Structures are given as structure tokens and as C-alpha cells.
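After the C-alpha cells below, expect a handful of questions from me.
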Amino acid sequence: MTTRRTSTLTGVALLLAAILIGPVTPVSMSPALATETTDTATPQVAPTAKGLPATVAETPAGDEAPVDETPAGDEAPVDDGTVTDRKVSDPPKEETEQQGLPAMVPEERNASMGQGLARIAETGDPQIPRAEESRDNRPDGMKGAESPSGGGSAATSYWNPGGVLGVDVSSHQGRFVNWSSAWAYGARFAYVKATENNDYINPYFSDQYAGSADSGMYRGAYHFALPNMSSASEQAEFFVRNGGGWSADGRTLPPLLDVEFNPYPSLGNTCYNMTPPQMVAWISEFSQRMQELTGRKPMIYTAASWWNQCTGNSTAFGDHALHVARYGTTTPGTMPTGWTRQDVWQYTDSGPVIGDWNQWNGDLASLDAFARNNTNSPDARAAAAIAAVVSSAPQLGAVQSGVVCGLVDGGCYQGFTNGAVIWSSGTGAVISSNGAIRNAWMGAGAQNGVLGYPKAAQVCGIRDGGCYQSFQKGEVFWSTASGAHISKAGVIRTAYRAAGAENGALGFPIGAEACGLRNGGCYQAFQRGEILWSPTTGAQISKAGVIRTAYRAAGAENGILGYPVTAETCGLKLEGCYQAYQNGEILYSSKTGAHISRAGAIRDLYRSSRAENGVLGFPAGKETCGLRSGGCYQSFQGGEIIWSAATGARITYNSPIRTTYRAAGAENSLLGYPVNAQICGIRDGGCYQSFQGGEIFWSAASGANISRQGGIRNLYRSIGAENGRLGFPLTAEICGLKNGGCYQSFQGGEILWSAATGAKLVTTGSIRTAYRGAGAENSALGYPRVNEICGIRDNGCYQSFQGGEILWSSKTGARITANGPIRTTYRQSGAENGTLGYPTTNQTCTTSTRCTQTFQRGTLTWTPTTGVKRT
């Protein structure tokens, strides 16, 4: 182990004094200053090799650790006094290089816990070997190996913190350790070095491990890490193969990872030339692999100064037990970053009897619980629950790992050939079988993902031969056709389950729930539709079919309709269905297909007219805009709704009126947009509809005809329209007559218009017959100047025209009095009220110089010579 060293020789000397004096202070005296100081210094690096930088401080001559000669500290005498090689086997000298440094053969390495700190105490640098490690200082020629312990008595002058004590040993203590003396001094637990890197095994491990147990101690194995020599998984596997396992026998402590100051100069600097992220990743990998192999997290042995420097103050391992090293003080001091307390404190490396001495942070009962993994702890409950499940699940196959804990929320698992059993306090132990469902769960982050822990084993034999598995936060469904997909807890899943899940209209999921849609919405696709959700609308089903096809074609939630606000509802007339959306509806019938009724004036009018149950029936097309003056329309089975900003939305029902309107050009014609709906029930069972530019009237007798805006229509309306003497129009207004005139025929006559005369009525009867017989507006009479007037003498009638008059009485019939001398004389004599009475003939002119007309009581004759004479 290393410390934060001062940059002066004085600082080093004071520090060494503190370290060396502290451990031998009598119990009655205060210990020396702690080795862990707060001074900062530049980390030391290894001596220059393969281009690596030199150390900050020059290494004293003669103190370099040998790298190409027989290594020190790796051999110890056996019980017969002969020398034997410490290795179990002799691998050939490595030819490769690690981290750019010359590779070391296993004989060169035999670091023990606290090795770096011991070097600091003696040499001032964790990279400089101690005298006892130097081949030159070993009287027995053992190349630096410590003399094996031959027992010895406990020294009463050694200070200890009291409580439950323990020891740790390595090959330095030899095969025969005086365990009984250690027990007598108070040791109740022991850690024995098993391995180092992936190629060194303590040759005395079995004897030391068994000896500590035979003395009555709890015992465990530790591994000295060389993180830059091989992978963490390799070293973990090597450790477990050679004594580093764990069993719940109540006497075995969890495996211990010794990760501390680099004691080998040839392997780089204090941190093994690794960056903090690299070191954290290595320790994480080691821990994970140990959990997989043994079912327990390893305890970590380290010192605060090394940990904070070499892991960059990592807090990633606070759920691991801590074995902290700190000498020459009465307290374990400030913990490495990530821990608030230690489980074991190594308080000296030169304690009584044997090895390094430690204190358990608790009583003997808590140590026992620690060894057993505590039957009341989550880990123990998990192991028992998992074992119970495994006992009745032969389908899991062979065991692939121990019970591994430390998952999120204190969960655990055990791996098998065909899956795993996963436990949490909230779900119990549940089988996760290999296959598509487990792959989907793992792909979503397993217990750390959206689903959490499994709640029940996989269930198969559902619809279409599918399977599903329930989790804390949802389900995974699988079928051959759909594959495996997550149905995560939430409003979409609630709607899916309410619709019958895989047995309902939607079938199996075919994709995961996807969010980030318009207005923060989400959706999930299923075999036969989708479920869409937004904060405003909630979760609604859009099931496969013509309505969904129309919805998607319109842009789905990004289109004019927005999100669904109801499910699809069927059972309407004509086998119809509909679905409501934020901005409208889609209606379907077997005759019309699916069409959108979007929010707006047209839809409002459609709904107020009882929608599909009204006269209009189902939509037959979509709403179309861009008409004249920015108008819109939509076709329905029973007509159209037409809208403009000026007129609003109006219905034109299927009828002769609509046919006439469309034939005239609809909104593009002189009629423009409707201003009201068709109104029926007028005279003779007729109907009419008003438009911007007029009206259309219909009756069974007259058909549908336009009464367009203008003088003719004004006159027609002023005399009562269809209720007046003219009745219904028989034609549309016809223009292009003489002098630009127009006329329109009605059941009871005609209306003629000219710019000179305006609109005048010519009713059905003798006067109109006479007028038409004379050639109407094309005759000498021209256009009417007044409407027909009746109620004159003898109930007669007359009408004035541009070129004369027509008078009628029941005795004389209708007779024309053309403009001229005869008519002038006739009118001067009182016309029908005078002595002549009504005309009985029309005026006739036999020559251009003679005209005559007969009346009831006389005849008027005109010549240029005589003028008008009565006879």
C-alpha cells in the first residue's frame, strides 16, 4: 500500500517513524500518527523501461527489484528443512510483454496484503523492495522469501483495538502456521492468500486454509490482483479454481479481492499504469464474474489513498464489504470514497504470532451472519427461494453460476443452461426461460429496464400458440407471426388489456410502445391495429380496417383529424361504423366506404341534421375546399353541404332543385352559394331553395326552375311568387330578346323585361294570347308598359304596351288598339267608357293611306286626307 507522500526527505523520515513506532506502542500508550496522511504528491511511476517515464524520485542504487534474475520472496522451507520451489507447477518463462514492460515469470511475484505499505515503511516507496525481499539480505539464500513462521508466543506489548480479531497469511508464513497461538491471542477469523494474477498459487494454501478452520476460525481466501497482467474474468476464474470459492457452510468468509499499491516496479506505477476508468472497469468485471461463480460479491481490500487515486474516487462499490488497511492509529480513519464504514480493519502488518492482524467491525454473532450470508438477509432469502424453484424445474438444465446478488433493488439471480431464476423481494423467485421473450426482456434492460423483474413464469398455449410473461411493469407477448414484443405498464397497455389483449380485436403486439409523437403522444402497433395516446385524448384503439386506412391516409395523428377520442363504433345503419377524433370523424358504410367528416361548419351542419341517420346519410366523399370565394363542399348519399364565408354551410339535398343547381354550374353559376336549405311544403306540394343569386322553385307540375335575381324575380316575388297569380316558373329567365329584353314563363303567365319598360306581367288569358298572337315584344306592340289591369267597365281588362293597348271584355274579346290616330281618337272619346265602348276588331290598314277599327258602337276610319272619321 502507498500513501500520499511528502516531497522532502524530512517528510519521508517523519512518516517512516510514525509507521515503525505505531505498531509496537504498548496498550497503555497512544499509537503513533496514522500512515494515511493528507499530503499530496505526484504519483510514482516505474523505472524507465520500454519508453516509460522515469520515477519522480530517483531510486537508490541497489534497491531496484530484479526482473531478470531469480525473484525474491517466493520460496519457503518445508517442514524437513529442505528448500522447495513455491510454485505448484513451473510454467515456462513468458516471452510476451505486458503494458509495454518486460513480462515477469510467476516466481518473481508473491505480494501479500499490505505489501505496498510495508515497502513504504522501510524504503519510502512502494516500488522499492524491502530488505527482506532482496536476495542479498537473505541468510538462507531463499531469494527474498520470508522465513516460515515456526510458531512463537504472543507478544503482550502489541497494541490491538480489541473486539473480534483476525489474521491474514500468505506463503510468507509457510506451511505450518501456529494457529493455536493466534487463537489464544484472540484471532477468530483468517484470510489466506490463494492466488495472484492468473498464474500463481500459494503452495501452502491448502494447509493454511485447513489449519485455520481446524483451529475453530472462520476462514476465507484472497486474491492479489495484478490488473494490468490479465483480464479480471481470467483472474476471477483462476482464483475460484484454486480455492477462492464460497459455500454457505457457516464457516467460510466471502472471497476477498486484494487491490492496492503495485509492489512490482516492472509492472508500472502505483496504479499499474491504468487510468481510473480502466481500474474501475477491471474491478467491476472481477466482482461480476465472482458473483456469477460463487453467488457472493467479493469483499474488497484496499487503502483510502490508493483507492481514491487509482479509481478516481469511485463510488461504484459501496455495496461490497470493505477490508480497509490503515496502520499506526487507533481508528480506521476516513473511508475510501464510496464507503461510510469498514467491515474489516487491517490495523497492523507486524502483529503478534503470525501475519497481519485485523479487526471485525462487530461482534462474533455478526461475523457468523456475515459468513453465512445471514439467513435473514435478502441474499439468503433469494438463495432459498431460487433453490425452491430450481428443485421443481428440471427444464432449466445445468447450473451455470452461483446465486448472484446485488442487482437493482437488492435482486439476485442464478444462471442455468436454459435460462435463469431471478429473485427480488417484490416478486419472489421466477424462471426466465431462454427464448424470444427473455431476449426481449434482456434487450430492454432486464430488471433495470422498463419492465423490472418477472412476476411469473412464461405461460404458453395462448391464442395462435403464443406465449407471454408478466413483469413488474408490463408483459412480453410472443407468437410465431408477431415475434416477441413488450407491452409495458401504462395507459396503452391498460387499453390493450381492456380490449382483450391478444384475444381481442388487436391480436399480438408487433412493435414496442413508441413515444415522442405530436403533442407528446405515444403509440403501439399490433397485428390488427394500433393504440394511440396523447395527454389530451387518453389511449384509444385504431383497429385495422377501412376507417384506420382512411385515418392513416390522412396523416394519422399528424393530419387534420389529430388523435382518436373514441374507439371505432359499429352497428350503424347500412352496416356502418364510425370513429371520432380530435378534429372530426370517419364514417363508413358498406355502400359508401370510409370518409372523413372533419371538424368545421360542414360537419356541424351534418351532425345537426342527424348525420348518417338524417336525409344526407353517410359521406360519399371527403370535404373539398378551394372553391369559388374560398368555399368548401362535401358530398353525401343524400346530397351535398356547401360552405362559403359569406353564406355559411348549407345543404343541397338530392332533388330536382340540386340537379338544376348543379346543371347551372352550382356555386360557379349566377346563383352562387345556397343561403338556406331546401324548403318544401309550399303551394301544390312544391319546394324552393334560395341562393346568393336567386331561387330555384319546384313543383310536380312545373319542374325545377331558377328565378334569378333581377327585375323579373322582384316582380314575381312582389305579386306573391308561387302563391300569386303566376304560380311556379315554367322556364328559367331567358334573355337576348329584342332590345336586350328578357322574359320568364310561369304557370299563370309571363314576365317580360326591357331596359325601357322594366319588368311587366303578362298573365295567362285573352290579352296574353292576343299579345303573343301579334308577335309579343317583336310586334308593333313591343314590351308591356304596365301589368294587365282589370275591373274596368263591364269587368273588362286592358294592358298598355310600347306600341298600343290590348282591351278585353267578355262580349268583345281581346282587341289591340295600336298607337296612332285611331287609338288617339278612341282614348279622347273616353275609350271603353265613351260612346264607342270596347273594340270589336283589331285595327286594320288595307293600304298605307287607309286604316279602320270597329267598336261596339261605331267605326273609326283614318285617311291622310280626312283624318279620323266616325261612322
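All figures in this text were calculated on a predicted structure; none of them were measured in a lab. Computed from heavy atoms alone, side chains included, the values below leave out hydrogens, waters and symmetry copies.
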Item checked: Contact check, side chains of Gln582 and Thr536, non-hydrogen atoms, under 4.5 Å ->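 In contact.
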
Next item on the list: Given side-chain contact (heavy atoms from CB on, under 4.5 Å), test Tyr523 with Ile531 step by step and report yes or no.
Entry: CA-CA 5 Å; Tyr523 85 101; Ile531 297 179; over 6 Å; no

Note to self: Strictly distance-based, threshold 3.5 Å: is any side-chain N or O of Gln540 a donor or acceptor partner for the main-chain N or O of Thr537?
What the structure shows: yes

Next item on the list: Report the C-alpha separation of Glu575 and Lys591 in whole Å, then their side-chain angles, then the decisive distance to 0.1 Å, and conclude whether the salt bridge (Lys or Arg N to Asp or Glu O under 4.0 Å) test is met.
Entry: CA-CA 9 Å; Glu575 301 174 345; Lys591 291 187 177 181; over 6 Å; no

Margin query: Please check: side-chain N/O of Tyr661 versus main-chain N/O of Ile706, any donor-acceptor pairing under 3.5 Å?
Written below: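 Between the backbone of Ile706 and the side chain of Tyr661 there is no qualifying donor-acceptor contact (under 3.5 Å).
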
Margin query: Assess, by modelled atom type and distance only, whether the side chains of Ser699 and Ser702 contain a donor and an acceptor separated by less than 3.5 Å.
Written below: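 Yes, a side-chain donor-acceptor pair sits under 3.5 Å.
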
Item checked: Test ring-ring contact (aromatic ring centres under 6.0 Å, His included) applied to Tyr496 - qualifying residues, sequence neighbours left out -> Phe477, Phe526

Checklist line | Under 3.5 Å donor-acceptor, Asn842 side chain and Arg815 backbone | finding: no

Margin query: Are the side chains of Ile767 and Cys797 in contact, using a 4.5 Å heavy-atom criterion?
Written below: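 In short, these two side chains touch, coming nearer than 4.5 Å.
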
Notebook entry, point to check: Which residues satisfy the ring-ring contact (aromatic ring centres under 6.0 Å, His included) test with Tyr673, sequence neighbours excluded?
Noted result: none

Item checked: Any donor-acceptor pair under 3.5 Å from Ser779 side chain to Leu781 backbone ->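 Checking the backbone N and O of Leu781 against the side chain of Ser779, a donor-acceptor pair under 3.5 Å is found.
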
Margin query: If I take atom CZ from residue Arg598 and atom CG from residue Asn583, how far apart are they, to the nearest 0.5 angstrom?
Written below: 9.5 Å

In residues 501-518, what donor-acceptor pairs under 3.5 Å come from side-chain atoms, sequence neighbours left out?
residue, atom, partner, partner atom, Å
Arg518, NH1, Glu557, O, 2.5
Arg518, NH1, Gly559, O, 3.2

Check: How would you list, by chain and number, every residue that makes a ring-ring contact (aromatic ring centres under 6.0 Å, His included) with Tyr563, sequence neighbours excluded?
Finding: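 Partners of Tyr563 under the ring-ring contact (aromatic ring centres under 6.0 Å, His included) test: none.
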
Please output the side-chain donor-acceptor pairs of residues 719-732 that fall under 3.5 Å, not counting sequence neighbours, one pair per line with the distance.
residue, atom, partner, partner atom, Å
Thr731, OG1, Ser745, N, 3.2

Check: Is it true that a side-chain atom of Gln689 and a backbone atom of Asn676 form a donor plus acceptor pair closer than 3.5 Å?
Finding: yes

Checklist line | Donor-acceptor pair, side chain of Asn795 and main chain of Gly791, under 3.5 angstrom | finding: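 No, because the side chain of Asn795 does not come within donor-acceptor range (under 3.5 Å) of the backbone of Gly791.
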
Item checked: Residues forming a salt bridge (charged side-chain N to carboxylate O under 4.0 Å, His left out) with Glu832, sequence neighbours excluded -> none

Next item on the list: State whether the side chain of Gln853 and the backbone N or O of Thr841 hold a donor-acceptor pair below 3.5 Å, judged by distance alone.
Entry: yes

Checklist line | Which residues share a side chain to side chain donor-acceptor pair (under 3.5 Å) with Thr852, sequence neighbours left out | finding: Thr861

Item checked: Intermediate values then yes/no, side chain to side chain donor-acceptor pair (under 3.5 Å), Arg870 and Thr835 -> CA-CA 11 Å; Arg870 177 176 178 175; Thr835 56; 2.5 Å; yes

Item checked: disulfide bond (SG atoms under 2.5 Å apart) contacts touching residues 743-778 (sequence neighbours left out) ->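 Of all non-adjacent pairs touching residues 743-778, none passes disulfide bond (SG atoms under 2.5 Å apart).
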
Margin query: Determine whether a donor-acceptor pair (N or O, by modelled atom type, separation under 3.5 Å) exists between the side chain of Arg850 and the backbone of Thr863.
Written below: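 Not a single qualifying donor-acceptor pair exists.
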
Check: Quick one: CG on Leu860 to OG1 on Thr854, what's the gap to the nearest 0.5 Å?
Finding: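 Going from the CG atom of Leu860 to the OG1 atom of Thr854 covers 8.5 Å.
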
Check: What is the distance from atom CZ of Arg717 to atom CD of Gln709, rounded to the nearest 0.5 Å?
Finding: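 So the CZ of Arg717 and the CD of Gln709 are separated by 9.5 Å.
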
Check: Does the side chain of Thr763 come under 3.5 Å of the side chain of Glu788 through a donor N or O and an acceptor N or O?
Finding: yes

Note to self: Run the salt bridge (charged side-chain N to carboxylate O under 4.0 Å, His left out) test against Arg548 and tell me which residues pass, sequence neighbours left out.
What the structure shows: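 Arg548 satisfies salt bridge (charged side-chain N to carboxylate O under 4.0 Å, His left out) with Glu530 once adjacent residues are dropped.
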
Note to self: Closer than 3.5 angstrom, by distance alone: can the side chain of Asn819 be matched with the main-chain N or O of Gly804 as a donor-acceptor pair?
What the structure shows: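 Such a contact is found between Asn819 side chain and Gly804 backbone.
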
Margin query: Whether the Gln828 and Tyr826 side chains hold a donor-acceptor pair (N or O, under 3.5 Å, no angle test) is what I'd like checked.
Written below: no

Notebook entry, point to check: Taking only residues two or more places apart in sequence or in another chain, which ones pass salt bridge (charged side-chain N to carboxylate O under 4.0 Å, His left out) with Glu585?
Noted result: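 Listed in chain order: Arg603, Arg607.
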
Next item on the list: With sequence neighbours left out, write down each residue that passes salt bridge (charged side-chain N to carboxylate O under 4.0 Å, His left out) with Glu805, or none if nothing qualifies.
Entry: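 Glu805 satisfies salt bridge (charged side-chain N to carboxylate O under 4.0 Å, His left out) with Arg823, Arg827 only.
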
Next item on the list: Please name all residues satisfying ring-ring contact (aromatic ring centres under 6.0 Å, His included) with Tyr688, sequence neighbours left out, ordered by chain then number.
Entry: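 Residues passing ring-ring contact (aromatic ring centres under 6.0 Å, His included) with Tyr688: Phe697.
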
Checklist line | Of Phe618, Tyr606, Tyr653, the residue whose pairing with Phe636 passes ring-ring contact (aromatic ring centres under 6.0 Å, His included) | finding: Tyr606

Note to self: Looking at Glu733 and Arg708, is there a salt bridge between them, counting it only when a charged N and a carboxylate O are closer than 4.0 Å?
What the structure shows: yes

